[in-house]
Amino acid sequence: MKKLTIALAGNPNSGKTTIFNNLTGARQKVGNWPGVTVEKKEGYIKKNGYNLKIVDLPGTYSLTPFSIEEIAVRDFILNEKPDVIVNIIDSANLERSLYLAMQIIELDCPVVFALNMADIAKARGISINKTKLSELLNLPVIFTVGNKGQGTELIINTIIKEAESFSLSPKKRKVKYNREIEYLISNLKKNIEKKSLSLVSYPKRWIAIKLLENDKDIIEKLKKIHQNKIDDLINLADKYRARINFFFKDEPEIVLTDDRYGFIAGIIKETVFVSIRKRIDISRNIDLVLTNKFLGFPIFIFFIWLMFELTFSLGSYPMEWISSGVSLISSFIDTSLSDSIIKDLILNGIIAGIGSVIVFLPNILILFFCIALFEDTGYMARVAFLMDRIMHIAGLHGKSFIPMLMGFGCSVPAIMATRMLESEKDRILTIIITPFMSCSARLPVYIMLAGIFFKDKAGTVIFGLYLTGIFIAILSSKFLKATLLKGEDAPFVMELPPYRVPMLKSLIIHMWERSKMFLKKMGGVILLGSIIIWFLFTFPQNIQFTSDYSKAINDIKIEYSQKIASSDKTNKQRLKKELKGKIQIIEETKEQERISKSYIGMLGKGIEPLLAPVGINWLSGIAIVTGLVAKEVVVSTMGILYGVEKEDLGNAISRSGMTCLSALSMMVFVLLYIPCFATIITIWKEVSINWAFFNLFYTTFVAWTMSFLVYQGGVFLGFG
Ligand code: GDP
Ligand code: MG
């Protein structure tokens, strides 16, 4: 039987021992390397008429004689001359692994590359062209996954084939250095060949390289055997070293190492395709634009504008469908049920309440879709980067901007998103100020009031409200940072993950999860709120009215029927209209009196003194109170309070005595006061009950103060 010695070489942790065990099974012998306490493992296997002795060499990163392991490996290869060296390579760290590989190749013996950890490389998006690698280096290359035993058989077969072919015709392979160095190497090599040194069994090119590198171990070995016979060789090498030093302004060892890495870089470039690396490169190019000093910010503002534009213009279509769907349902119920208190509850409580809120579902879906898009593409991280400098004005980091931006959607997921902040102080600060970012639930209130009182300036007013929210958030942050949340900033890395093309599925999941919170709110809190409000609004019944409204209506009807009968055709129409208007006014007056004597009216009257200084009347005050349930309820309450028909709401509110100034004051109040119960509970869960209470009082205080300034300031300036 022919004997073959096989050595397994490689970096530590490349999987040598694993593959050694795969190859040899239990047949192994553990000992020490001669003279040193480095463990040496040997095992034997029989295959195809060969008796293979497998040696597990110590793991090293190079063969420079700096450590006992490195010398042990080098001496073994030089002295024992294994028939094949299997270089176990960590495919996930190919560049690092190839440094040792280059040094093994320079030792001129048969080498097989086992690209181990192929699974990890694949998972990291690294793909290695093994055919190309094999061609470039002129040696067999195989893939293995050591811990799964994949490629064991292949290694054995490849070893035997390589041993056979190498013994027939040794392959030429070399690591190339730059021209100057190559010239010196070949000169030295010629000089070595001229002397018949007994170390001839070492490859001569290799000895030349080692002499250039001033390798003490080799020089000593040479001196020991040949004494002064090699003095002139050493002198020549010294001369060359000085020359390299002169040319390259660096030690020869460093110049040669650089050249090896250059050679490796060339190999990597031709054989490795890293999809992740590529993504990072593309990301860098995109970042040149998106995080550009001058362009970044305008682009960001444009995206935000686009987001709101999409949310409201695109959302207006499904909004109308839902709105007409709701009317359809309520008119169906109106005609199919006979009048009763239950019908009243369903129609004026549940449907009026939920209906006025559910129309905003499309807006919310679109808004959350846009936010998910920002997150999943990786743009959100850039926004944090862009905003960093501005956020520092508020004493915060750019990262805090992300939850704040999400706060435009809904404070609840926004507060949960603060978990990504490293510093607890920053987290609390961000949580407290995020509710000042005007959430989507407040928008219906603005749309309604600004639409009624500011008409074509509504957009500007709403934009101003959003800015006010941001401004108050910054001021609050500065205030809290100076008082309750003092402390030094801890530095941290703002990571910029590569851009990704988002997956529609994950976008939809993200959007849906957040929208689900909205729907839950609707199903639970808002439904309950609507029913309670309806109850407070409808009871007690049997109210004693101060005047007989039905008689008043009757009187007017009689008065007008006489007028109409005695007038000509054209006047008839005008008079009929006049009559209708007068009846409506009487009915509204009656309704207002009824409301003022209902439970909710008592509540509204109760808080009237508190809200009078900010210009909010008792009817709107009721909406403010019910808005604690959820801000959407402000609108639905107004719907219930002023009569359900949407088209008439504007007129009804105007007639109730609200002015532009008090409407503005009310919007400011809605913008700033207590977020909603869901938010308060989230703060409680995410931070503590104390901070939840703090937020409750702080926001109410800020809201009242700001509204007071707006209203009294307006009155002072003569806008009242
Ligand atoms: P050595 O230092 O070169 O002897 O490496 P070991 O054989 O001790 O292996 C180091 C670790 O890598 C062990 O936990 C092995 O289970 C694991 N390992 C070896 N080969 C592979 C492989 O191909 N893929 C993966 N994922 N892990 C491997
Ligand atoms: Mg090992």
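Side chains are part of it too, since the values below use all heavy atoms of this structure and drop only hydrogens, waters and symmetry mates. Atoms within a ligand are numbered from 1 in the order they appear, just like the ligands themselves.
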TODO: Using a strict cut-off of 4.0 Å, indicate which atoms of ligand 1 neighbour a heavy atom of Gly146.
DONE: 20 (N), 21 (C), 22 (C), 23 (O)
TODO: Looking only at distances, please establish whether an N/O atom of ligand 1 is found under 3.5 Å from an N/O atom of Ala118.
DONE: no
Task: Nearest-option assignment for atom 20 (N) of ligand 1, heavy atoms, candidates Asn13, Asn116, Leu57 - done: Asn116
Task: Shortest non-hydrogen separation from Ser91 to Ile126 and the atoms involved - done: O-CG2, 4.4 Å
Task: Numbered atoms of ligand 1 (with element) below 4.0 Å of Val145, judged on heavy atoms - done: 22 (C), 23 (O), 24 (N)
- [ ] Indicate, with yes or no, if the rings of Tyr240 and Phe246 have centres closer together than 6.0 Å.
- [x] no
- [ ] Run the contact test for Ser14 against ligand 1 with a 4.0 Å cut-off on heavy atoms, strictly below, and give the result.
- [x] yes
TODO: Please work out whether any backbone atom (N, CA, C, O) or any side-chain heavy atom from C-beta onward of Asp119 is under 4.0 Å from ligand 1, and answer side chain, backbone, both or neither.
DONE: side chain
Task: Check: Tyr499 ring centre within less than 6.0 Å of Tyr379 ring centre - done: no
Open item on the list: Ring centroids only, cut at 6.0 angstrom: are Tyr99 and Tyr61 within range, meaning strictly under it?
Closed with: no
Open item on the list: When you compare the side chain of Pro502 with that of Leu373, does any pair of heavy atoms fall below 4.5 Å?
Closed with: yes
- [ ] Tell me which part of Ile120 gets within contact of ligand 1: side chain, backbone, both or neither, using heavy atoms under 4.0 Å.
- [x] side chain
- [ ] Kindly indicate whether the side chain of Glu213, heavy atoms from C-beta on, has any atom under 4.5 Å from the side chain of Pro252.
- [x] no
